[in-house]
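Written below as structure tokens is the structure these notes are about.
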Amino acid sequence: MKIAYFCMEIGISENIPSYSGGLGILAGDHLKSSADLAVPIVGITLLYKRGYFIQHITPSGDQLEAYPYFDPRGFMEPLPFKIFLQLDGRKIAVGVWKYVYQGMKSKVPIYFLDTDLPENLSQDRLITQYLYGGDQYNRIMQEAVLGIGGYTILKKLEPNITTYHMNEGHAAFLTLALLKDFNGNEHKVRNLCIFTTHTPVPAGHDRFSYDMAWQVLKEYLPQNIKRLAGEDALNMTILALNLSRASNGVSELHGEVSRQMFPGHEIGHITNGVHHLTWTGPEFQRLFDEHIPNWRSQPQTLREATKIPDEAIQKAKKAAKKRLISYVNSLTGAGFTDEMMTICFARRAAAYKRATLIFTDIEYLMNLSYDRVQYIFAGKAHPQDQAGKDLIKQIVEISKRYEDRLRLVFIPNYNIWLAQLMTQGTDVWLNTPRRPREACGTSGMKVCFNGGINMSVLDGWWREACKDRVNGWAIGDDEDQPDEEAAMDLYRDLDDMVTTYYAAPKKWTSIMKRSIADITPFFNTHRMVLEYLHKYYL
Ligand SMILES: *Cc1c(COP(=O)(O)O)cnc(C)c1O
């Protein structure tokens with residue numbers, strides 16, 4: 001058995017800008033757990049020399065994007081060969097960089113494909129330059145390099161692949177390369193492929209006009225492509241669904257939503273997780289080493305966390321919080337303190353995540369929070385997403401306008417490093433998506449490994465994990481709520497939470513412990529990879 005794991009972004013290290021958000025982090029964590037468990041797998045993605053952007057925020061709250069040059073040579077090795085693809089009537093050279101991730105039990109290679117080679121036209125050297133930066137034409141070229149180029153390269157480097165795992169539809173052109181190799185035998189292709197979808201929103205599924213697809217992929221498009229990929233446009237998700245032996249969504253609810261979106265397809269679900277060794281901070285690592293010695297190889301043993309003494313949990317949390325607060329103060333001068341309850345909200349600034357919901361009734365919020373709660377926000381908006389940028393601007397404006405009445409800061413440049421600092425340091429992780437738009441969500445899981453507590457709408461993973469007021473707080477109930485109503489429920493929970501934190505510290509600590517003990521044993525990528533292994537890989 002050997003799995004080839006294809007993904008447009010793989011976030012394996014804070015040093016490599018090859019991811020933009022949840023999808024890439026999940027891909028990285030999937031490969032890391034596979035390496036810890038000795039599941040034979042290789043990763044394949046693109047090398048972005050000007051990866052996802054660095055975010056600067058101007059004093060008035062505007063997002064500026066910078067794309068500094070990333071030199072891969074410090075982290076990976078260029079392999080001494082290249083392949084050639086026939087795309088849009090041109091011959092395009094594709095090179096490969098090899099990165100090796102060393103896990104607890106095995107090594108996992110990740111191959112980064114690169115068209116920035118001297119023999120390519122300057123426009124083609126740019127194909128792999130930016131992550132999610134270009135137009136439709138750049139996107140189809142990127143996806144052709146990933147799917148078809150990736151397949152071609154693996155034939156050389158990793159023979160005997162038994163399953164091609166397409167993580168999101170971006171990689172679905174891989175099926176066309178396979179079809180070509182097997183003379184159009186769909187049955188054979190289907191036997192080799194599995195597919196994971198991540199997006200419960202129709203607009204999130206890539207579609208290309210058949211005009212463009214013919215122009216770029218002539219060599220690869222079978223006669224019956226419209227039957228395989230949709231009548232009106234080439235839909236990458238439909239193509240992947242039609243040519244996979246199994247498909248899945250990434251939480252129970254997302255599985256249901258996906259079955260409604262794509263009737264006639266069998267779609268299961270495997271709930272996402274996070275790599276516990278990446279996301280547990282040094283304070284809680286030491287604590288677990290002392291009290292739950294097998295947690296590194298068997299994260300499910302963290303269910304014993306209830307036996308850790310209260311004072312030890314509180315001490316570890318305080319130390320992790322100190323690190324976060326020091327960074328915030330050094331950056332902003334805001335004078336935050338590790339004595340005060342801290343709430344973080346950090347995620348891509350996409351409208352459906354409703355970052356500003358908590359500001360619905362600002363007077364109420366300020367009265368409730370005065371000298372009791374401090375708020376740290378972060379998140380990048382996609383460069384072309386004006387609505388997302390407006391959200392950031394609003395938050396920055398609120399933080400300035402009410403600076404003497406509300407402890408609120410926006411910290412720039414959310415990335416793996418900052419996500420670690422925030423999920424490790426915070427008391428509370430706030431999440432207010434519009435149901436059911438958060439396919440799964442993973443940042444809240446990271447918080448549980450560090451004794452933090454979630455307060456979230458019952459969407460994605462939290463719907464499966466939450467025991468209200470026992471291991472966290474549920475905002476609203478198991479249905480979609482309009483903003484006004486969700487905001488009222490949020491304030492009610494916040495009130496309860498603040499009271500518990502200050503008036504019932506023992507209760508608070510017991511919720512911290514249940515957050516670890518109830519949630520982390522399941523919501524980790526070791527469990528997730530083993531589920532993929534037993535359901536789909538074997
Ligand atoms: C974990 C993580 C995400 C995903 O978080 P969501 O819960 O899906 O919002 C996004 N970006 C970074 C940098 C992360 O570490």
Pair Q394-D390, side-chain hydrogen bond (donor to acceptor under 3.5 Å, both in side chains): steps then yes or no: CA-CA 6 Å; Q394 260 184 52; D390 291 345; over 6 Å; no
side-chain contact (heavy atoms from CB on, under 4.5 Å) between F6 and H165, worked out: CA-CA 6 Å; F6 281 65; H165 186 169; over 6 Å; no
Worked verdict on V373 versus L368 for side-chain contact (heavy atoms from CB on, under 4.5 Å): CA-CA 8 Å; V373 191; L368 173 64; 5.8 Å; no
Stepwise side-chain contact (heavy atoms from CB on, under 4.5 Å) check, T432 with I475: CA-CA 8 Å; T432 49; I475 301 172; 3.9 Å; yes
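With Y327 as the aromatic partner, R323 does not meet the cation-pi criteria of under 6.0 angstrom to the ring centre and within 45 degrees of the ring axis.
The residue from D478, D480, D459 that alone fulfils the salt bridge (Lys or Arg N to Asp or Glu O under 4.0 Å) condition with R435 is D478. H275 pairs with exactly one of N524, D36, D29 by the side chain to side chain donor-acceptor pair (under 3.5 Å) rule, that one being D36.
For E484, the CD atom sits in a loose shell: 12 or fewer heavy atoms of surrounding residues, nucleotides or ligands are nearer than 6.0 Å. No more than 12 heavy-atom neighbours from other residues, nucleotides or ligands sit within 6.0 angstrom of NZ on K315. Atom CD of E266 is surrounded by 12 or fewer heavy atoms from other residues, nucleotides or ligands within 6.0 Å.
Counting all heavy atoms, side chain and backbone alike, Y502 lies closest to R372 at OH-O, 2.6 Å. Here the closest heavy-atom approach between residue K535 and residue I270 is recorded as NZ-CG1, 4.0 Å. The minimum heavy-atom distance linking T197 with S258 is given by the pair CG2-OG, 3.9 Å. When every heavy atom of N138 is checked against every heavy atom of I127, the shortest pair comes out as ND2-O, 3.5 Å. Contact between Q142 and Y48 at its shortest, heavy atoms only, is NE2-CE2, 3.8 Å. Of all heavy-atom pairs between C7 and T45, the closest is O-OG1, 2.7 Å.
Looking at E283 and K318, their side chains never come closer than 4.5 Å, going by heavy atoms from C-beta outward. Looking at heavy atoms from C-beta onward, K400 lies out of side-chain contact with S60 at the 4.5 angstrom threshold. Residues P383 and Y52 have side chains in contact (heavy-atom distance under 4.5 Å, counting atoms from C-beta outward). Within the 4.5 Å cutoff, side-chain heavy atoms of H265 are placed close to those of N242. Looking only at side-chain heavy atoms (C-beta outward), I358 and Y375 come within less than 4.5 Å of each other. Counting only heavy atoms from C-beta outward, the side chains of R514 and T306 approach each other to under 4.5 Å. A 4.5 Å side-chain heavy-atom check between Y414 and R348 finds every atom pair outside the cut-off. Between R407 and D371 there is a side-chain heavy-atom pair separated by less than 4.5 Å.
Once rounded to the nearest 0.5 Å, the distance linking NE2 of H269 with NE2 of H254 reads 11.5 Å. Here the CG atom belonging to L64 is positioned 7.5 Å from the CD1 atom belonging to I57, to the nearest 0.5 angstrom. With rounding to the nearest 0.5 Å, the separation of CE in M497 from CG in L490 is 9.5 Å. Between I313 atom CD1 and M512 atom CE the span is 6.0 Å, to the nearest 0.5 Å. Atom CZ of F523 is separated from atom CG of L302 by 14.0 Å, given to the nearest 0.5 angstrom. Interatomic distance, CG of D518 versus CZ of R303, reported as 12.0 Å (0.5 Å rounding).
Listed for the T356 side chain is no donor-acceptor partner under 3.5 Å among the backbone atoms of F359. No donor-acceptor distance shorter than 3.5 angstrom exists from the side chain of T500 to the backbone of W508, with no hydrogens or angles considered. A distance-only check finds no donor-acceptor pair linking the side chain of T280 to the backbone of F284 [under 3.5 Å]. A donor-acceptor distance shorter than 3.5 angstrom exists from the side chain of N413 to the backbone of Q55, with no hydrogens or angles considered. Between the side chain of Y19 and the backbone N or O of M8 there is no donor-acceptor pair closer than 3.5 Å. Of the possible polar contacts, one joining the R527 side chain to the T271 backbone as a donor-acceptor pair under 3.5 Å is found. Formation of a donor-acceptor pair under 3.5 Å by the S515 side chain with backbone atoms of I453 is not found in this model. Between the side chain of K380 and the backbone N or O of F53 there is at least one donor-acceptor pair closer than 3.5 Å. Looking at K32, its side chain does come within 3.5 Å of a backbone N or O of I12 through a donor-acceptor pair. Under the 3.5 Å distance criterion, the side-chain polar atoms of T332 are matched with a main-chain donor or acceptor of V328.
A donor-acceptor pair shorter than 3.5 Å cannot be found between the side chains of W462 and N454. Side chains of E9 and Y132: a donor on one and an acceptor on the other come within 3.5 Å. Looking only at atom types and distance, the side chain of N367 has no donor-acceptor partner in the side chain of E363 under 3.5 Å away. Between E65 and Q63, the side chains place a donor N or O and an acceptor N or O closer than 3.5 Å (distance only, hydrogens not considered). A donor and an acceptor atom, one from each side chain of T199 and H205, are nowhere located under 3.5 Å apart. Using modelled atom types and a 3.5 Å distance limit, the side chains of S443 and W429 yield a donor-acceptor pair.
A salt bridge between D489 and R492 is present, with a side-chain N of the basic residue lying under 4.0 Å from a carboxylate O of the acidic one. With respect to K317 and D427, no salt bridge is recorded, no charged nitrogen being found less than 4.0 Å from a carboxylate O. By the 4.0 Å N-to-carboxylate-O rule, K321 lies too far from E339 to be salt-bridged with it. Salt bridge R469/D496: present, at least one basic N to carboxylate O contact under 4.0 Å.
Every residue two or more places apart in sequence or in another chain was checked for a ring pair (Phe, Tyr, Trp, His ring centres under 6.0 Å) with F522, and none qualifies. Take Y370 and apply the side-chain contact (heavy atoms from CB on, under 4.5 Å) test, not counting sequence neighbours, and it matches no residue. Remark: H276 pairs with W295, H526 by the ring pair (Phe, Tyr, Trp, His ring centres under 6.0 Å) rule, at least two apart or across chains. A233 is linked by a side-chain contact (heavy atoms from CB on, under 4.5 Å) to R207, counting only residues two or more places apart in sequence or in another chain. Shown here are the ring pair (Phe, Tyr, Trp, His ring centres under 6.0 Å) partners of F208, two or more places apart in sequence or in another chain: there are none. Applying the side-chain contact (heavy atoms from CB on, under 4.5 Å) test to Q129 and every residue at least two apart in sequence or in another chain returns K49, R50, D116, L126.
Ring to ring, H30 and Y532 are close: their centroids are under 6.0 angstrom apart. Between F377 and F345, the ring center distance clears the sub-6.0 Å criterion.
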